[in-house]
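Owing to the predicted nature of the structure, the values given are computational and were not obtained by experimental measurement. Every chain is numbered from 1, with letters handed out A, B, ... down the list of sequences.
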Amino acid sequence: MTAPTKNGPPAPRSTAEQAAHSADAVPLHTPVIAWFEANARDLPWRHPEAGAWGVMISEFMLQQTPVSRVLPVYEQWLARWPRPADLAAEAPGEAVRAWGRLGYPRRALRLHGAAVAITERHGGEVPTDHAELLALPGVGEYTAAAVASFAFGQRHAVLDTNVRRVLARAVTGVRYPPNATTAAERRLAAALLPEEEGTAARWAAASMELGALVCTARNESCHRCPIAARCAWRQAGKPEHDGPPRRGQTYAGTDRQVRGKLLAVLRAAEGPVAQAALDAVWDEPVQRGRALDGLVADGLVEPLEDGMYRLPG
DNA sequence: GATTCGTGGTG
DNA sequence: TCACCAAGAAT
């Protein structure tokens, strides 16, 4: 692995990455885990009774949605569908309705699909294997690693937006990570991963919590940071972000806004909804039609034969 | 790899 | 006010 003289050129290593490998220093995870033990939030999906299914529900809901908005919906879901088979037995439209205003309602559909797959392929138990998790609808690299780590205590690099920011600052010395996750980031996360399984799982949760509570995107609180003294970004004088502007997300007037308005009508209705009720949410007919077609194509809306629409049955 | 996909809080 | 941000995934 480290033989430098033979075969092809060695993989390029940044100085920051080399520093992360230095063996003599206290490993980065030690002070971060200690901080976590004293400062972790008491979140319901961290309780043992949440189980792997509770962890999975929380991870779906937390994809791009803040904790404060997830909390009440999470409690409702777990109470209503305490096991994957309970959700799998429901119509997908009920998942979409119960999703409420969390946003990105395709996640509700995918979570329902994951429950069906778990029921059919895994005997109703959330699989423990990373590859099997990854094969579930709506589960990507991050969520598979998160469930395997948080629910089953396995050793995986859990690279979410919080961890990426912590590593960008503490190790690489820049304010923000790249827009898309790079191979260098994955290498770095792998290099920092503690050997021992339980320690690795705690590091995953701890580094994520540090990014969520202290090493935040704006108004970071370095005075509360357990690794401020060795933070490369802070040592460099906290230089501003230089790369390409972080892509903003305009919303007003987009198809997404129209889709949201259409789906809100369908969520609020008991049964099928007439075309006229949907037409009322947006006056521009071309965009309105495109948005509705998109919802139907995504399986979020079901057109009926009589010109009515409803959540998928 | 760049886009698309909701919603609401915040500085 | 409004741009930014929030435990990403799929295409």
Open item on the list: At less than 3.5 Å, do the side-chain atoms of A:R218 and the base atoms of B:dG11 form a donor-acceptor pair?
Closed with: no
How would you label the contact of [X] with the nucleic acid (heavy atoms, under 4.0 Å): base, sugar-phosphate, or nothing?
X	answer
A:Y251	base
A:L300	nothing
A:R256	base
A:V139	sugar-phosphate
A:L263	nothing
A:F150	nothing
A:W99	nothing

- [ ] Examine the side chains of A:T119 and A:R83 and answer whether a donor and an acceptor come within less than 3.5 Å of each other.
- [x] no
TODO: Would you kindly say whether A:Y142 and A:Q63 are connected by a side-chain donor-acceptor distance under 3.5 Å?
DONE: no
Task: Heavy-atom check, side chain of A:M61 versus side chain of A:W99, under 4.5 Å - done: yes
Considering only the [atom1] atoms, how many Å lie between [N] and [M], rounded to the nearest integer?
N	M	atom1	answer
B:dG8	C:dA10	C1'	24 Å
B:dG6	C:dT1	P	26 Å
B:dG1	C:dA9	C1'	15 Å
C:dA6	B:dC5	C1'	15 Å

Task: First of A:T65 and A:G138 reached from the 5' end of DNA chain C, by closest nucleotide - done: A:T65
Open item on the list: I want to confirm an ordering. Mapping A:T250 and A:T143 to their closest nucleotides on DNA chain C, which one lands closer to the 5' end?
Closed with: A:T250
Task: By ring-ring contact (aromatic ring centres under 6.0 Å, His included) - contacts of A:W81 (at least two apart) - done: A:W77
Open item on the list: Tell me whether the side-chain N/O atoms of A:R106 come closer than 4.0 Å to OP1 or OP2 in B:dG6.
Closed with: no
